[in-house]
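Everything numeric here is computed off the predicted structure, so don't read it as measured data. In what follows, every chain begins at residue 1, and chains take the letters A, B, ... in the order their sequences are listed. Quick note: numbers below take in every heavy atom, side chains included, and nothing from hydrogens, waters or symmetry partners.
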Amino acid sequence: MSSSTLLMHFYETLLASLGPSQWWPGETPFEICVGAVLTQNTNWSNVQKAINNLKSRDLLHPEKMASLDDELLAELIRPSGYFRIKARRLKNLLEFLRLECAYHLPDLSSQDLQQLRDKLLQVKGIGPETADSILLYALEKPSFVVDAYTSRILNRHLLVHEDIDYHELRDFFMDRLPRDVALYNEYHALLVRTGKKWCNKNNPRCDGCPLGSYL
DNA sequence: TTCCTGCACT
DNA sequence: AGTGCGGGAA
């Protein structure tokens with residue numbers, strides 16, 4: 001079986017087993033961008049607390065957030081961890097949004113994917129995973145998101161080597177799958193859900209895993 | 001105590 | 001390649 005076919009089998013198996021994910025959790029493109037920064041190396045439940053702190057004060061809007069001083073913003077997002085550096089990263093992203101689209105995120109979607117991705121990666125604090133999360137989930141661009149779970153799952157199924165880097169792994173998917181936003185959206189979500197529940201870092205629980213039959 | 005949908009800096 | 005950033009939940 002080709003690796004392309006196997007990737008689609010993985011997808012269909014996970015979707016049939018777990019059901020659709022309805023990702024990304026977030027009511028607006030901007031909220032999705034904020035969540036993408038806050039969830040860097042951080043449990044989503046902690047991100048949710050930080051988002052709620054902002055939302056309950058009606059601060060989850062670019063203009064309002066940009067006018068907050070860094071100290072207050074950091075305090076509000078404290079539950080998400082790395083709060084000082086993440087406050088700075090949010091401000092960096094806000095400055096990008098101001099310059100690029102005057103805070104009107106849908107305007108970004110007219111830009112070419114590769115060009116927009118390069119620009120996002122120049123923002124301090126926006127790395128490849130955060131950039132692709134914003135592109136895919138906030139802007140609905142067909143940019144596949146990979147993460148620690150993705151490489152772990154594919155490595156344990158002998159599809160890629162252990163130390164594959166981010167862009168190699170992203171290309172692995174994008175070279176083998178149709179460039180489809182809905183497919184990329186759901187595939188990444190399913191891999192994260194699988195990683196959290198079964199494909200743990202130190203103690204994988206292959207019994208009961210939807211992909212167990214592929215081992 | 002470990003781990004969490006990373007990234008920048010040295 | 002190694003390290004700092006960090007609170008919260010299991």
Side-chain angles (χ1 to χ4, degrees), chain A residues 10-11 14 18 20-26 29 31-54 70-96 117-139 141 143-156 160 162-170 172-174 181 183-205 209 211:
Chain A
F10 273 29
Y11 175 76
L14 289 173
L18 303 180
S21 307
Q22 301 182 341
W23 268 31
W24 182 292
E31 180 176 342
I32 292 169
C33 293
V34 171
V37 171
L38 294 184
T39 199
Q40 290 169 357
N41 201 36
T42 299
N43 191 298
W44 183 259
S45 68
N46 291 355
V47 175
Q48 198 58 257
K49 296 175 190 301
I51 298 261
N52 287 341
N53 282 345
L54 296 168
D70 288 14
E71 283 297 314
L72 176 55
L73 180 56
E75 201 53 41
L76 291 169
I77 66 172
R78 175 185 278 268
S80 71
Y82 305 143
F83 50 91
R84 293 183 189 88
I85 193 167
K86 281 177 179 174
R88 173 41 49 190
R89 289 174 180 181
L90 287 175
K91 287 297 188 73
N92 293 344
L93 176 60
L94 283 162
E95 179 62 6
F96 168 82
R117 190 172 191 275
D118 289 341
K119 289 182 187 175
L120 277 169
L121 290 175
Q122 289 173 18
V123 179
K124 290 300 178 191
I126 307 295
E129 184 178 344
T130 308
D132 288 328
S133 297
I134 290 170
L135 289 164
L136 181 62
Y137 290 103
L139 304 178
K141 294 284 191 180
S143 198
F144 201 91
V145 182
V146 303
D147 57 19
Y149 291 133
T150 315
S151 62
R152 190 183 307 157
I153 291 170
L154 262 64
N155 172 256
R156 284 175 175 166
V160 302
E162 172 75 61
D163 55 353
I164 187 170
D165 72 29
Y166 185 94
H167 288 100
E168 287 177 330
L169 188 54
R170 178 176 182 265
F172 184 85
F173 279 90
M174 293 186 69
V181 171
L183 172 65
Y184 288 6
N185 178 321
E186 186 60 49
Y187 208 148
H188 173 64
L190 288 166
L191 287 171
V192 172
R193 292 166 68 199
T194 302
K196 288 165 72 91
K197 192 160 186 179
W198 292 283
C199 210
N200 307 80
K201 193 172 189 177
N202 293 325
N203 192 22
R205 305 170 46 246
C209 174
L211 298 179

Interatomic distance at [atom1], [N] relative to [M], whole Å:
{"N": "B/dC7", "M": "C/dG8", "atom1": "P", "answer": "23 Å"}
{"N": "C/dC5", "M": "B/dC4", "atom1": "C1'", "answer": "14 Å"}
{"N": "C/dG6", "M": "B/dT1", "atom1": "C1'", "answer": "15 Å"}

Would you kindly give the [atom1]-to-[atom2] distance between [X] and [N], to the nearest whole Å?
{"X": "A/Glu75", "N": "C/dG7", "atom1": "CD", "atom2": "P", "answer": "10 Å"}
{"X": "A/Arg78", "N": "C/dC5", "atom1": "CZ", "atom2": "P", "answer": "14 Å"}
{"X": "A/Asn52", "N": "C/dG7", "atom1": "CG", "atom2": "P", "answer": "19 Å"}
{"X": "A/Phe83", "N": "C/dG7", "atom1": "CZ", "atom2": "P", "answer": "5 Å"}

Quiz item: Sub-3.5 Å donor-acceptor pair from the side chain of A/Thr39 to the main-chain atoms of A/Ala36, do we have one?
Solution: no

Quiz item: Would a 4.5 Å heavy-atom cut-off, applied to side chains only, mark A/Arg193 and A/Ser21 as touching?
Solution: yes

Quiz prompt | Qualifying residues under side chain to side chain donor-acceptor pair (under 3.5 Å), relative to A/Thr194, sequence neighbours excluded | solution = none

Exercise. Would you give a per-nucleotide map of nucleotides 4-10 of chain B, 5' to 3', where B means the base has a protein non-hydrogen atom under 4.0 Å away, S means only the sugar-phosphate does, and - means neither?
Key: BBBBSS-

Self-check item: Presence of salt bridge, A/Arg84 and A/Asp70, under 4.0 angstrom
Solution: no

Quiz item: Which atoms form the tightest heavy-atom contact between A/His188 and A/Phe144, and what is the distance?
Solution: N-CZ, 4.5 Å

Return a table of donor-acceptor pairs under 3.5 angstrom between the side chains of residues 119-126 of chain A and protein atoms on other chains or two or more places apart.
unit_1: A/Lys119; atom_1: NZ; unit_2: A/Glu100; atom_2: OE2; d: 2.7
unit_1: A/Lys119; atom_1: NZ; unit_2: A/Gln111; atom_2: OE1; d: 3.0

